Amino acid sequence: MSDLQKYIRELEHNNDNLERGNRAMMCSLEDFEKKLNEAIEKNALLENEMEDKAGLQEMVQRLKDESRDLHTELSTIRRKSFSKKPSELELKCESPGPPSAPGTPK
């Protein structure tokens, strides 16, 4: 075998090794890109969930504030009604009965 043929065979062998390495690297790159895209998608979903959670937390806080205000208002109303004189309460509790129909005895 001549030196030139040996040199050509070594070049072909090195070329095959480089092509095999390139294919392996391309597969690794595709796997990495796939995992990266999945991570980006998952991150976007988590960000949306966090925004939803923040909105719900604001709503809960508003409802807690409203509930506290209503309890305070109810407490004030009860305190005012208990501090009134019994005669004032009786007047408010007594309702004039239903109006009698014309022609019926009173």
Side-chain angles (χ1 to χ4, degrees):
M1 204 184 251
S2 71
D3 289 338
L4 186 57
Q5 288 176 335
K6 286 182 184 179
Y7 180 71
I8 291 173
R9 190 180 317 164
E10 277 183 38
L11 286 177
E12 287 175 348
H13 179 70
N14 289 340
N15 189 41
D16 289 343
N17 288 340
L18 289 173
E19 287 177 349
R20 190 171 28 259
N22 188 35
R23 283 193 301 271
M25 188 175 27
M26 293 303 287
C27 286
S28 294
L29 180 61
E30 288 173 4
D31 289 343
F32 177 75
E33 286 177 343
K34 180 181 174 187
K35 289 178 183 178
L36 178 63
N37 288 334
E38 289 172 356
I40 290 171
E41 184 177 341
K42 183 177 179 181
N43 190 36
L45 291 173
L46 290 173
E47 285 177 354
N48 285 337
E49 286 181 14
M50 287 182 67
E51 289 173 5
D52 292 345
K53 181 181 177 183
L56 290 172
Q57 286 174 331
E58 290 175 10
M59 181 188 298
V60 166
Q61 187 59 48
R62 279 195 305 273
L63 291 172
K64 283 180 179 180
D65 293 345
E66 184 178 344
S67 175
R68 185 193 64 237
D69 294 346
L70 290 172
H71 281 290
T72 303
E73 185 178 344
L74 180 61
S75 173
T76 304
I77 291 171
R78 285 180 177 164
R79 200 172 31 250
K80 284 181 181 179
S81 68
F82 285 132
S83 67
K84 288 186 178 181
K85 297 176 187 172
S87 60
E88 289 176 355
L89 289 176
E90 288 174 6
L91 291 175
K92 284 195 170 201
C93 292
E94 292 177 5
S95 61
S100 52
T104 57
K106 293 184 181 181

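Just so it is clear, the values below take in all heavy atoms, side chains as well, and ignore hydrogens, waters and symmetry mates. FYI, the numbering just counts along the sequence from 1. Quick caveat, the model's predicted, so the values are computed rather than measured.
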Legend entry - Arg20: which of Asn17, Asp16, Asn22 passes side chain to side chain donor-acceptor pair (under 3.5 Å): Asn17

Inset, instruction - Using side-chain contact (heavy atoms from CB on, under 4.5 Å) as the criterion, list what pairs up with Glu66, not counting sequence neighbours. - result: Leu63, Leu70

Legend entry - Residues, nucleotides or ligands: over 12 heavy atoms within 6.0 Å of Glu38 CD: yes

Inset, instruction - Would you give the length of the straight line joining atom CE of Met50 to atom CD of Gln57, rounded to the nearest 0.5 angstrom? - result: 9.5 Å

Legend entry - Separation of Leu11 CG from His13 NE2 (nearest 0.5 Å): 11.5 Å

Legend entry - Separation of Arg23 CZ from Glu19 CD (nearest 0.5 Å): 6.0 Å

Inset, instruction - Look at atom CG of Asn15 and say whether more than 12 heavy atoms of other residues, nucleotides or ligands are closer to it than 6.0 Å. - result: yes

Inset, instruction - Can you establish whether the number of heavy atoms outside Glu73 located under 6.0 Å from its atom CD is more than 12? - result: no

Legend entry - From CD1 (Ile77) to CG (Leu74), nearest 0.5 Å: 6.5 Å

Inset, instruction - Measure the spacing between CG of Leu46 and CD of Glu41 and express it to the nearest 0.5 Å. - result: 11.0 Å

Legend entry - Side-chain heavy-atom pair Lys80, Thr76 within 4.5 angstrom cut-off: yes

Legend entry - Contacts of Arg68 that satisfy side-chain hydrogen bond (donor to acceptor under 3.5 Å, both in side chains) - sequence neighbours left out: Asp65

Inset, instruction - With rounding to the nearest 0.5 Å, note down the distance linking CD in Glu49 to CD in Glu51. - result: 11.0 Å

